[in-house]
Amino acid sequence: MLEFIAINMAPIMFGSLIVFLLLGYPVAFSLAANGLLFFAIGVWLAPWSEGTITLDWPLLFTMPARLWGIMSNETLLAIPFFTFMGIILERSGMAEDLLDTVGQLFGPVRGGLAYAVVIVGALLAATTGVVAASVIAMGLISLPIMLRYGYDRRVASGVIAASGTLAQIIPPSLVLIVLADQLGRSVGDMYAGALIPGLVLTGLYMLYIFAISLWRPHWVPALPAEARTLGHGVVSLFVALALCMAIGYGAHVALYPSQGPNADILGASVGVIVIYLWAILDKATGMNLLSNLARQVIIVLIPPLALIFLVLGTIFLGIATPTEGGAMGALGAMVLAAMKNRLSLTVIRSALESTTRLSAFVIFILIGARMFSLAFYGVNGQIWVEHLLVGLPGGQTGFLIIVSVLVFLLAFFLDFFELAFIIVPLLVAPAVALDIDLIWFGVILAVNMQTSFMHPPFGFALFFLRSVAPRGPYTDKLTGARLAGVTTGQIYWGATPFVVIQVVMIGITITFPGMVMHYKGEVVDPATIEIKLPGIAPLAPAGAPSPGGPALGTPNFGAPAAGEGTPPALPQPNLGGPTLGTPDFGAPATGDGATPALPQPNLGAPKLGAPVINP
């Protein structure tokens, strides 16, 4: 019995962890307690394990070094920066301005408010990276407006919850930072690989809204004319955008001789700055060269887009690391809040408290995961997981499908941090054994973990929305009408179609890896590589042009004798050595054909002299 337990310690340990978590114990303490408990059991059962358990008490002495590795990890330092940035932006009222402006822009279209929520969700995801901030902000601001103008409660709830979870996949996502750390890959590569799948998922959300506008148009009505306070002016906006592009192109042409490839970004920056300053000047002076709608769109959209470029643009261009980009983003968020007169010591204190709480939560889970992994690897758990998953049918595709199903099911009970720290490290070795690109694998996991926020009944995005949505009938502040609240069942049913869309996105990412692999740049086929050495050409036949080498001239060996068809023997070249001359051994006797004997050289006998003996 002891031998059976010792040999199967890895699956027993993993199953015990699942039991601990299902019993409701805190994740960090469940991991640490499970690791310490099975470490002690493993040391005791090591003699019966047939060599599969390599645990010993001195191994615990390595834990301080492992914990120091966590605390000195510069990659994880980006988490508090991006968290602080997101909370400051949420407090600055940027989400409110974006939702109001984009909602006015898309107001005349059926489903315009839903489109606005998705677009603003993507913009908030690219600036905050925090799901809670996005869902709560849009739930407080857009949900009452959508209910006021007759949106179906299930559609409104699902759109808000799903758009908030875009912060999980669109950089700068906290999930991508953690996954890059656990997979041992660059955060910049993870950001570049996840960008296109995030935008495709945003497009699928909008496609779903478009389908509803055709199938059930009364579920997503357009804004009435009296609700469009900014009026019309789309043509003015297009003219401003065209002028911005023209200025940017002109700046690019002017800067290219001195800046080279950087002229593209610099030219675009010049165009955006000019159009932004023009809109501010037009509003301040009352010239009204732009319509109210165009002016508001430019003034509201450009600052968050500039912040996105400050954070993501510098990372993608290689100017800053993700940690440095997060620091610049935190500073930029404070500047934007100050521009709106929303920055105060109270806001900063609240943001610092929330950031400290989340950072401590992450670090404690990671410390517990280190303790668990020390014991789990000591019982060869990674080998058990690798043998279990590498042998799955279907190769890479079969592995990715099975792992996706496993993570999807575990997401019903675990949040993304727990999945990243517990499950992902166990999947790295099988993925490497199957030659799966880890950035591609990480993006698939990130899209999958996004569903953990949307799963009924434990999805955190659903809880965040439930906390701000009206539970019972309430009076609308603007119209004074009595409106029904939003039930928990409506929130759950509204989230279900978006969970299906996320699952479809997982399949698309597996089927089309090129959406992620572009982070490697242009792929070069080694068979097409041709190496040419400069200044060297193949030997040419007589009469061909000279390859450019020095003219050595043709050696002159003398003309052949008249009438003789064979060329004369070539004389041996004179290498330039010293001329020794021919030795003269004397002439042979007349008529004697024999070779005379060579005289012996006279070497001379040494003269020693008589020895002198001193008395």
* Structure fact -> side-chain hydrogen bond (donor to acceptor under 3.5 Å, both in side chains) pairs touching residues 429-439, sequence neighbours excluded, are D437-Y519, D437-K520
* Structure fact -> Those residues at least two apart in sequence (or on a different chain) that pass ring pair (Phe, Tyr, Trp, His ring centres under 6.0 Å) with Y249 are none
* **CG-CG distance between D282 and L290, expressed to the nearest 0.5 angstrom** => 4.5 Å
* **Rounded distance (nearest 0.5 Å) linking atom CD1 of I508 with atom CD1 of I501** => 10.0 Å
* Among all residues two or more places apart in sequence or in another chain, which pass the side chain to side chain contact (heavy atoms under 4.5 Å, CB included) test with A194? -> I169, L176, V443
* Are the side chain of S354 and the backbone N or O of A351 linked by a donor-acceptor pair below 3.5 Å? -> no
* To do: Could I get the full list of side-chain hydrogen bond (donor to acceptor under 3.5 Å, both in side chains) partners for R370, not counting sequence neighbours?
  => none
* Residues in side-chain hydrogen bond (donor to acceptor under 3.5 Å, both in side chains) contact with S350, at least two apart in sequence or another chain -> R91
* Of all residues at least two apart in sequence or in a different chain, which pass the side-chain hydrogen bond (donor to acceptor under 3.5 Å, both in side chains) check with Y191? -> none
* When you measure from the side chain of T165 to the backbone N and O of A162, does any donor-acceptor pair fall under 3.5 Å? -> yes
Which donor-acceptor pairs under 3.5 Å do side chains of residues 323-330 form with protein atoms, sequence neighbours excluded?
| from | atom 1 | to | atom 2 | distance (Å) |
| --- | --- | --- | --- | --- |
| T323 | OG1 | E74 | O | 2.8 |
| E324 | OE1 | T321 | N | 3.0 |
| E324 | OE1 | T321 | OG1 | 3.4 |

* Asked: Between atom CG of L352 and atom CD1 of I87, what is the distance when rounded to the nearest 0.5 Å?
  -> 9.0 Å
* To do: List in chain and number order the residues that pass side chain to side chain contact (heavy atoms under 4.5 Å, CB included) with I273, two or more places apart in sequence or in another chain; answer none if no residue qualifies.
  => L277
* Asked: Does F498 have any ring pair (Phe, Tyr, Trp, His ring centres under 6.0 Å) partners at least two apart in sequence or in another chain, and if so, which?
  -> Y205, Y208
* Structure fact -> The side chain to side chain contact (heavy atoms under 4.5 Å, CB included) partners of I436 (sequence neighbours excluded) come to Q396, F399, L400, A431, L434, W440, F441
* What residues, two or more places apart in sequence or in another chain, satisfy side chain to side chain contact (heavy atoms under 4.5 Å, CB included) together with F408? -> F412, N448, T451, H455, V499, V503
* Whether S236 side chain and A294 backbone form a donor-acceptor pair below 3.5 Å -> no
* Test side-chain hydrogen bond (donor to acceptor under 3.5 Å, both in side chains) applied to K283 - qualifying residues, sequence neighbours left out -> none
